[in-house]
Amino acid sequence: MNPAQTSTGGSASNPLLGAWTGPFGLPSFAAIKPEHFPPAFEQGLAHHRAEIEAIAANPAASDFDNTMAAMERSGALLTRVSNIFFVLAGANTNDALQEVERDISPLLARHDNEIYLNEALFRRIDDLHRRREGLGLTAEQKRVLERYHTHFVRAGAGLDADKKRRLAEIGERLASLGTAFGQNVLADEKAFALVLEEGDLGGLPDFLLDAARAAAEERGFPGKHVITLSRSSIEPFLQFSTRRDLREKAHHAWLKRGENGGASDNRGIVAEMVALRAERARLLGYASFADYRLADQMAKTPQAVRELLDNVWRRGRARAQAERDELQAIVREEGGNFALAPWDWRYYAEKLRQARYDLQESEIKPYFQLDRIIEAAFETARRLFGLTFAPVDVPLYHPDVRAWEVKDAAGKHVGLFLGDYFARESKHSGAWMTSLRDQEKLAGDVKPIIVNVMNFSKPEPGHAALLSFDDARTLFHEFGHGLHGLLSNVTYPLLSGTAVSSDFVELPSQLYEHWLEVPELLKKYARHCRTGEPMPQALLDRVLAARNFNQGCLTVEYTASAMVDIDLHSLPAAEGIDVTGFERDALARIGMPDEIVMRHRLPHFQHLFSAGGYAAAYYSYLWSEVLDADAFLAFEEKGNAFDPETARRLRDYIYSAGNLRDPAEAYKAFRGRLPTVDALLKKRGLDELAPAADA
Ligand SMILES: [Zn+2]
């Protein structure tokens with residue numbers, strides 16, 4: 001009750017307003033309540049606004065320090081509050097946080113718009129940009145100036161007042177719609193639970209039964225089994241359940257997320273967002289949103305993206321048709337008198353996989369314990385980059401979250417790594433990397449706090465958490481993003497870690513997946529959860545041989561989603577678009593096989609609409625895969641998956657380099673040349689296939 005404290009506008013009682021004073025500079029999660037966020041955001045926004053105004057109104061002529069560096073130093077409180085808020089909103093949300101999220105998204109969008117459309121500020125940046133060659137800037141400073149200038153121009157700086165006002169409205173509206181979109185998907189996922197009775201469990205392996213029991217407990221059906229729409233629940237169910245009727249029911253619910261009518265239906269939101277994006281692109285002088293979006297990507301144009309997608313689609317579709325014929329033959333052999341349907345594909349593919357490779361998920365899973373796969377990811381980072389990871393016991397936002405202190409080869413602190421691995425109702429689906437604090441050197445030697453979030457099924461108490469091979473790959477993927485944040489070594493926050501174009505940002509993550517398949521690593525870490533025995537060589541051989549099994553289907557699922565995304569965002573105008581009809585027509589045009597559905601249908605395509613980061617950019621994963629396949633080849637050419645010289649260049653030019661360079665230049669600096677698509681086709685096993693003539 002110190003009056004000096006209460007007079008500071010409540011900062012003493014609002015833990016979000018002060019510096020983070022927990023271990024490693026963590027925030028005090030236990031003290032943070034949802035009601036602390038609105039006033040903290042309000043103060044953060046007000047501070048930042050005042051800072052920006054001061055920069056714009058500075059009577060001194062613009063120089064790098066009083067304009068660019070000043071911009072980079074501004075907004076510290078807002079960044080802190082936002083970082084912690086969005087970590088919680090993604091991984092541990094509740095009704096109160098969701099309400100804050102709905103309120104704050106348009107305010108943050110408006111705030112960004114105010115900065116980017118600040119005329120006086122842009123004049124200072126534009127003036128500096130014109131004089132950039134004569135300013136004696138370092139390469140990094142020049143990059144900062146160029147990136148800011150590009151951001152401002154792409155946001156509409158320099159346009160007339162009417163257009164700017166409209167762009168601002170569009171930005172805010174898109175932010176609100178994006179929040180509603182994500183919350184609607186979560187609502188549909190929460191609303192569905194397939195409650196299984198004793199007679200409904202046919203074919204389900206132990207790991208799925210365990211997870212389904214745990215899910216039933218959480219959903220209020222103790223003693224029963226529940227399948228949810230989390231990918232780690234529904235996918236194995238579709239793969240193993242012998243009950244065709246239940247597979248159809250679950251698949252239907254999965255497919256219809258965001259398309260169920262009522263308050264959570266996302267089709268109106270999608271239509272409005274696509275129309276607004278097209279309008280934004282027009283205002284900025286682009287033919288379509290895709291043209292606008294891709295101009296600042298490594299790909300540069302929709303044509304370049306389509307070329308890659310078409311090439312892979314032809315081969316993937318031909319492979320998928322051959323796979324379908326094989327699966328249909330099994331249906332016939334078993335006396336089934338029906339055409340293979342989407343809810344049958346995974347089930348019969350699993351049968352074929354077992355017949356061909358004698359691989360049973362239940363045989364493999366005991367060898368992929370979560371804790372050992374985490375260790376394998378750590379060891380890879382040690383052998384490539386000299387990093388070590390030591391567990392630390394610190395208070396975090398949920399009891400399931402774990403923390404490790406990361407040090408370099410010299411024992412110097414690199415950062416803190418948080419792993420939040422298990423699915424729960426309060427968490428959005430999917431897997432992602434995010435940060436509580438990004439690396440930079442402008443505000444002192446700031447070390448990163450990086451978070452990996454996944455949705456693995458939580459085991460029952462006393463049981464080891466077991467992963468599928470795909471889960472293990474997801475862990476390596478997100479850990480690769482994590483290293484991009486942890487190893488970041490830049491001065492300016494703008495360029496830190498993963499702040500690169502979205503068709504480049506998946507390179508560090510997808511490349512990292514390759515090390516999971518390095519035999520010596522698998523031999524060491526894929527050990528049986530009960531016996532501790534390493535995976536038998538024969539089983540390991542079969543696991544690796546089966547890597548490209550079902551690759552046609554996977555390629556079609558993904559590539560179709562990427563093609564529909566590009567088509568949708570290439571519309572010059574999209575007012576009143578019929579979302580379901582557009583999707584159907586787009587798929588018909590490319591000859592989508594009836595037995596396969598898009599990996600993400602438009603009404604729940606969170607990459608495109610939830611945050612919008614991948615709108616017209618879902619192709620990025622494939623683009624990055626061209627890069628990662630070609631990059632791993634650099635190690636293979638040396639005959640050593642941990643070749644020190646290649647690892648050093650990888651660290652210097654990719655993992656630690658943030659956005660210091662144009663992505664194509666960064667890649668060339670690492671590899672000595674630009675990538676070709678050959679390694680990707682070989683990796684997917686699509687290189688030996690003659691393209692189908694009718695595609
Ligand atoms: Zn990723």
Side-chain angles (χ1 to χ4, degrees), residues 86-87 90-91 182 230-232 235 293 297-299 305 308 373-374 377 380-381 417-421 423 427-435 438 448 450-456 467-488 496-517 554-555 557-559 561-562 565 599-600 605-632 650 654-659 663 666-667 675 680 683-684:
F86 287 106
V87 165
S230 163
R231 209 170 261 280
S232 64
E235 281 195 340
R293 180 73 171 79
Q297 294 276 96
M298 187 174 172
V305 171
L308 173 64
I373 298 305
I374 293 171
T380 303
F417 174 69
L418 309 185
D420 181 356
Y421 295 106
K427 199 188 263 188
H428 283 246
S429 54
W432 62 92
M433 167 275 196
T434 180
S435 63
D438 292 318
I450 300 300
V451 191
N452 269 184
V453 184
M454 335 249 143
N455 270 284
F456 301 144
L467 307 181
S468 68
F469 196 48
D470 277 348
D471 288 340
R473 191 179 323 220
T474 299
L475 188 146
F476 266 62
H477 177 101
E478 297 308 332
F479 191 71
H481 283 309
L483 289 175
H484 202 189
L486 285 166
L487 286 169
S488 176
S496 184
T498 55
V500 298
S501 71
S502 63
D503 55 2
F504 191 72
V505 77
E506 298 299 330
L507 168 59
S509 53
Q510 293 183 171
L511 175 57
Y512 211 73
E513 295 175 30
H514 289 262
W515 278 281
L516 175 63
E517 297 185 354
L554 296 173
T555 300
E557 278 184 344
Y558 166 83
T559 311
S561 303
D565 169 32
R599 184 168 171 84
H600 307 280
F605 206 152
Q606 308 220 49
H607 298 76
L608 310 194
F609 303 110
S610 196
Y614 282 84
Y618 190 62
Y619 78 92
S620 295
Y621 295 92
L622 193 69
W623 189 275
S624 289
E625 196 178 327
V626 171
L627 302 177
D628 79 63
D630 187 71
F632 195 69
L650 184 63
I654 309 289
Y655 280 90
S656 72
N659 201 349
Y667 192 84
L680 161 84
K683 173 186 165 192
R684 288 202 170 212

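Indexing begins at 1, ligand by ligand and atom by atom, following the structure's order.
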Take the Zn ion (ligand 1) as the vertex and measure to NE2 of His477 and NE2 of His481; round to 10°. 100°
State the atom name: nearest N, O or S atom of Glu506 to the Zn ion (ligand 1).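 Of all N, O or S atoms in Glu506, the Zn ion (ligand 1) lies closest to OE1.
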Could I get the full list of ring-ring contact (aromatic ring centres under 6.0 Å, His included) partners for His514, not counting sequence neighbours? Phe632
Report the residues that fulfil side-chain hydrogen bond (donor to acceptor under 3.5 Å, both in side chains) with Asp420, sequence neighbours left out, ordered by chain and then residue number. Tyr397, Arg424, Lys427
Using the ring of each side chain (for Trp, its six-membered ring), is His484 parallel, tilted or perpendicular to Tyr655, with breaks at 30° and 60°?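 Plane angle over 60°, so perpendicular.
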Classify the angle between the aromatic ring planes of Tyr614 and Tyr621 as parallel (below 30°), tilted (30 to 60°) or perpendicular (above 60°).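 Rings of Tyr614 and Tyr621: parallel, under 30°.
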When you measure from the Zn ion (ligand 1) to the N, O or S atoms of Glu478, does any of those distances fall below 2.8 Å? no
